[in-house]
Protein chains: 4
Amino acid sequence: MNLERLSVARPKSEERRQAIIDSAIRLIAREGLGAATAAIAKEAGVPNGSLFTYFPTKIDLFNALYMEIKEELISTVDDGLSDAGDEREQLLHIWASWTRWGAANSEKRRVLAQLSVSDDVTEATKEAGFTAAYRSVSLIRQVARHGALRDQDPAFVGAVVESLASTTMDCMSRDPKHAEQVCTATFEFLWKALR
Amino acid sequence: MNLERLSVARPKSEERRQAIIDSAIRLIAREGLGAATAAIAKEAGVPNGSLFTYFPTKIDLFNALYMEIKEELISTVDDGLSDAGDEREQLLHIWASWTRWGAANSEKRRVLAQLSVSDDVTEATKEAGFTAAYRSVSLIRQVARHGALRDQDPAFVGAVVESLASTTMDCMSRDPKHAEQVCTATFEFLWKALR
Amino acid sequence: MNLERLSVARPKSEERRQAIIDSAIRLIAREGLGAATAAIAKEAGVPNGSLFTYFPTKIDLFNALYMEIKEELISTVDDGLSDAGDEREQLLHIWASWTRWGAANSEKRRVLAQLSVSDDVTEATKEAGFTAAYRSVSLIRQVARHGALRDQDPAFVGAVVESLASTTMDCMSRDPKHAEQVCTATFEFLWKALR
Amino acid sequence: MNLERLSVARPKSEERRQAIIDSAIRLIAREGLGAATAAIAKEAGVPNGSLFTYFPTKIDLFNALYMEIKEELISTVDDGLSDAGDEREQLLHIWASWTRWGAANSEKRRVLAQLSVSDDVTEATKEAGFTAAYRSVSLIRQVARHGALRDQDPAFVGAVVESLASTTMDCMSRDPKHAEQVCTATFEFLWKALR
DNA sequence: CATGAATGAGCGTTCATTCAT
DNA sequence: GATGAATGAACGCTCATTCAT
């Protein structure tokens, strides 16, 4: 599989694409989704018109951004998940890597939050992000199989966990000194509530 | 009565103010915070310049909107709270009136959600909204005093409950047929988790 | 002559009219002719609509302002002029009282300068202001009758003197310590040049 | 040649820039500094948004306009100055070319007058204009070294000459038939007064 | 008559996208 | 293909003046 070679076809391009993504994260975190494409391009060091060779519209950029960040998060969470022991250990692994990532990448998290509620990110994109996270999603559903939410829509369970995670990350970012303690305590809460 | 008004040439019309607020809710729910002030005015049936007689800037409109909706929610939740029995009954009252209001007023809820994450709504306004909700807030904190989150920042506990409510309301809106069941089940989850 | 009584007919009005004029001087000096009528009214402590009972349009206010300031200046200059001795003494009297007034009333002077070049002040108004200054104007022309400008349009001579005065007042305002010296020296210059 | 331009997609058009400047001169002469940017663009034959490609703000346009006109005037005055003979000849050269330019370019002169008293033209810009005029300025100061104004601030001397020039140009514009005579007579006045 | 809310054309400026070079 | 100038509709907001009260 010459995956590498495929991207070699436009080596400079890939760098530029990433520069635009990174710049967009910085600017959108700072100024919201209203950040001007020209400003994003400028901060990325590319000409404003060139942004549109990589992302035909601003909406395409938003969707790409969403997937990019979501994939980074998922790969962070999935990494090492197989090595975790029982259900509890696995959930803890997910929880800890998720919230630590969020606490350490507050710009990305804020951008993700904005994109998640924007109509400009299509349902298809959100669906794709959701699908990519199937390992964690499955585990969470499995854990919740017997608890208080056992009869709820699995999507609802996921949303509950997600919003709990989001709140936890906010708290960890705001008070880094107690971040680990918050992470652990909320995990216990989650475990108790889901089971 | 109305002595104060006797000397006013043409008092600002409460009706018009409300028409603008209502129009803003409709448009912002549909188009986001980017909804044009001129469009809001038009939908409210007032000339564009008149919007600024009632709200000097768009940001002032946002802040007023936030308080307006928050107060409606709070008064809905507080109504009848004193008549509820023990702690569990009281929490149930809060939970049920909150989520039912949200399910029945999805536009207002979406607008509130957008405003809550917007930098245009000042900290002072958010603080004021928070303060107005002290009855519910106190009860929730009291309930959580002994549970898994007992050592967490009270603000964190509040945020967790809020995000759970938000997710619940989304679910209730999406599937009105099972709304009551979702409401009850999530309450049980909440009760179990907090205590 | 019951001049006093004439104005007694609207005693409160006269105060308000003056308050508007004074406020306009302050605001226009600060912000230029673009100063909003509502701001002028507010600073004067009168309702914005009432400004238009005194001055039907902003342009009328400008014209009134022009005359008001010009008349104050003229009466300052004319005061004591009859008591001055010969031609030289009289010109000195005019020059000194004029430039001292300007140095001490820089706001009024700046407003007058702005109004003088504005198309909103009508030729008729400017003409009236000019006519009211006939005592000084005549003297200046008389002095210049034999000098280097003897064959020029009298209006030109007046303009030259006026612009010299304006520059002198600027200089006196900027450096109050040497104001008197500047006043005297420029008078000598004027005298030498005109004669 | 033009190596620098080879890599530019579409260089800013000097023609368009000049069309905007020219249009601004016409409109500002007619309507004052309040002339609308959209009207200026329209009269220049460019879309309203394009004006801001060349001048980021209206204030930038004002500053560019000031320098543009000032430079034209200075270059007109400086042209041939070296060929003039003694001090008197040189001052005459300055005076004649200055006032003739003003009489022939009354729109530009009026615009320059408006810009000169506007707070929107920065001190830095005015300073730059002043610096560019050093040849004439030096000569005028040199001539005045021994006359009635010898002890005054050189800036004051300059202002006096400038205001005399301005008045002269007004007069020449108004009565073109006697323009030359006015020009000559005022020069004699200036020479007599400064020396 | 006095008041201040009402009005709506007009303002300077922005920006996603296009397209000439 | 890469570039950045070009575009023009849209935006939030202002303000002289009117007029209902």
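Throughout, protein chains are lettered first and strands after them, A, B, ... in sequence-line order, and every chain is numbered starting at 1.
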| From E:dC15, F:dT21, E:dT13, nucleotide with atom closest to A:A36 side chain |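 Of the candidates, E:dC15 comes closest.
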| request: With the side chain of D:T53 defined as its heavy atoms from C-beta on, choose the nearest nucleotide among F:dA2, E:dA6, F:dT7. | output: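 Selected nucleotide: F:dT7.
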Would you mind reading off the distance between [X] atom [atom1] and [N] atom [atom2], rounded to a whole angstrom?
| X | N | atom1 | atom2 | result |
| --- | --- | --- | --- | --- |
| D:L51 | F:dA6 | CG | P | 11 Å |
| B:I40 | F:dA10 | CD1 | C1' | 14 Å |
| C:E15 | E:dA2 | CD | C1' | 16 Å |
| B:R17 | E:dG4 | CZ | P | 20 Å |
| D:K42 | F:dA9 | NZ | C1' | 16 Å |
| C:I28 | F:dC15 | CD1 | P | 13 Å |
| D:K12 | E:dT21 | NZ | P | 17 Å |
| D:F52 | F:dC11 | CZ | P | 17 Å |

| query | Starting at the 5' end of DNA chain E and moving along, which residue's nearest nucleotide shows up first, B:N48 or A:T37? | reply |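 Final value for this comparison: B:N48.
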| said: For D:R10 and D:L33, find the nucleotide of DNA chain E closest to each by heavy atoms; which residue's nucleotide sits nearer the 5' end? | reply: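 Its nearest nucleotide lies further toward 5', so the answer is D:L33.
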| said: If I compare all heavy atoms of A:P47 with all of A:A41, which pair ends up nearest, and what's the gap? | reply: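 The answer is O-CB, 4.0 Å.
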| query | Can A:T122 and A:T125 be counted as having a side-chain donor-acceptor contact under 3.5 angstrom? | reply |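 Note: A:T122 and A:T125 side chains meet the donor-acceptor criterion.
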Would you say [X]'s side chain and [Y]'s backbone share a donor-acceptor pair under 3.5 angstrom?
| X | Y | value |
| --- | --- | --- |
| B:N48 | B:A39 | no |
| B:K12 | B:T53 | yes |
| B:K70 | B:F130 | no |
| C:S116 | C:L112 | yes |

For [X], answer base if it contacts any base atom (sugar-phosphate contacts may also be present), sugar-phosphate if it contacts only those atoms, and nothing otherwise; contact means non-hydrogen atoms under 4.0 Å.
| X | value |
| --- | --- |
| C:A35 | sugar-phosphate |
| D:A39 | nothing |
| D:Y54 | sugar-phosphate |
| D:R16 | sugar-phosphate |

| query | Got a minute to check which stems DNA chain F is part of, using Watson-Crick or G-U wobble pairs under 3.5 Å, three or more consecutive? | reply |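 In DNA chain F, stems of three or more pairs: E:2-21 with F:2-21.
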| query | Does D:G49 or C:G49 map to a spot on DNA chain F nearer the 5' end, using the closest nucleotide for each? | reply |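 The residue closer to the strand's 5' end, by nearest nucleotide, is D:G49.
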| Comparing C:T57 and B:I59 on DNA chain F - which has the more 5′ nearest nucleotide |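 Mapping each residue to its closest nucleotide by heavy atoms, the 5'-most match is B:I59.
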| task | Using only side-chain N and O atoms of D:S50, determine if any of them is under 4.0 Å from OP1 or OP2 of F:dT7. | result |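 Answer is yes, contact under 4.0 Å.
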| query | Does the distance from a Lys or Arg side-chain N to an Asp or Glu carboxylate O, for D:R17 and D:E14, drop under 4.0 Å? | reply |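 The answer is yes: the pair qualifies as a salt bridge.
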| field | salt_bridge(A:E107, A:R26) N-O dist < 4.0 Å | value |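 Salt bridge: no.
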